[in-house]
Amino acid sequence: MSLAGKHILLGVTGGIAAYKAAILVRHLCNEGAEVQVVLTQGAAQFVTPVTLQALSGRPVRDDLWDQEAEAAMGHIELARWADLILVAPATAHFMANLAQGAAPDLLTTLCLASDAPVLLAPAMNQAMWRDAATQRNAATLAADGKRLIGPDDGEQACGDVGPGRMAEPEALLDAVRAAFQSPRLADLNVLVTAGPTREALDPVRFLSNHSSGKQGYAIAKAAADAGARVTLVSGPCGLPAPANVECIEVTSALDMHEAVQARAAEQALVIGVAAVADYRPAAKAPQKIKKERAAQNDASVALVENPDIIASVAALPNAPVVVGFAAETENALDNARRKRRRKGLDAIVVNDVSDPKIGFNSDHNAATLIWADGEVELAYQGKEALAASLIQHLANLFFPSSGEGAGALAKPTPLSVAQSGRS
Ligand code: C5P
């Protein structure tokens, strides 16, 4: 009964995933929550108010102009009643209205009028989700402090395959529970490295690797969601910086080393997710290397070793807690245990990148977290979910008292660039 007495306003908008709202209401009520369902006109085409009323035990609201319902509890009163608003499914149309602050119906009006945190579970056709306008709206909503859960990737009701499936009701229930938990890393500084590095051979060529940056960005987001002040030092991967995260873009391992060293002393936790090139060309040719010149030189490239970024943080006096990643293709656990000790890390997260289901560029991952006197498996799941679970484990292991007493659920404040000096 972790949601006992909590007032959840469940908004349902008009997509086929609306049928899953019934299961969601059931889960929320089973956890002890009081659930007020608000349907849009579109949603009422997919699910009937009667079903949701029967499951929630409360009359469903669907009209801003319903005088009787307004007399019982006006929409402003309802907005104040909510401890949390979850919109599942959230259609592209609904997200567009919310991103613009438009309030053409009851649900959008409630979202605008409420101080409660708003969680959104986008669900739509994959092309609609990928559309530039939807992506822009999703980014605006995230920057405004709304929390987006999903969408998942996979088969769609329309027969397409791709991103746009609503996150499953169980995952949404987890997100609601998490929203009521204390921010576990409140006020701690956390630095995450992510993405590949590029080691220049000449002005147009470089050595690099397949790192997508997805796992590192998800970890930076999860740490920010847990209340930390997060700095993300990222190699080139073209991903948008998560909301409320200061992103420092670097290119080479030396750049990344410098950026991390400059900020290491003020961190409580450093998580190295970047796939840092171990070696760089001994010299960067000032001009593009000609084919003929490369042949004269046996086409070979002399390499020199890069500094080990996280090992050098771990070796600092008063070092922060340092966590590394190990992408292994054989003897994963043994190699990772040795790597943790060799680099002086507090913990290491190991995954087997030879598994195509979880390799580079995948949206999923499975891993084992290893520390000095324990190990825990992080089961196969989406990279965002794995990141959230990893952050919870790290908070329990290394910052057990952080965030205690900070249990009140606050509407996340959007962090404006001007206010924070962050980008
Ligand atoms: O030794 P290996 O590259 O497998 O170690 C991986 C871990 O070490 C990752 O956490 C990675 O970010 C970090 N690393 C680093 N600097 C390097 C090489 C790896 O911080 N030069």
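Numbers here are sequence positions counted from 1. Order of listing sets the numbers, starting from 1, for every ligand and every atom in it.
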For ligand 1, find each of its N or O atoms that sits under 3.5 Å from a protein N or O atom, and tabulate the pairs with distances to one decimal place.
residue, atom, partner, partner atom, Å
ligand 1, 1 (O), K343, NZ, 3.0
ligand 1, 4 (O), K339, NZ, 2.3
ligand 1, 5 (O), K343, NZ, 2.9
ligand 1, 8 (O), K343, NZ, 2.9
ligand 1, 10 (O), G272, O, 2.5
ligand 1, 10 (O), F325, N, 2.8
ligand 1, 10 (O), F325, O, 3.3
ligand 1, 12 (O), G272, O, 3.4
ligand 1, 12 (O), A274, O, 2.7
ligand 1, 16 (N), I309, N, 2.9
ligand 1, 20 (O), I309, N, 3.4
ligand 1, 20 (O), I310, N, 3.0
ligand 1, 21 (N), P307, O, 2.9

- Message: Strictly by salt bridge (Lys or Arg N to Asp or Glu O under 4.0 Å), give each pair with a member in residues 199-223 just once, sequence neighbours left out.
- Response: D202-R205, K214-D363, K221-D225
- Residues G162 and D153: closest non-hydrogen pair is C-OD1, 3.2 Å
- Under 3.5 Å, side chain of N335 to main-chain N/O of R338, donor-acceptor pair present? no
- Query: Is there a donor-acceptor contact under 3.5 Å from the side chain of R340 to the main chain of L345?
  - Reply: yes
- Message: Salt bridge check, R229 against E246: does any charged N sit closer than 4.0 Å to a carboxylate O?
- Response: no
- Salt bridge or not for E375 and R337, using N-O below 4.0 Å? yes
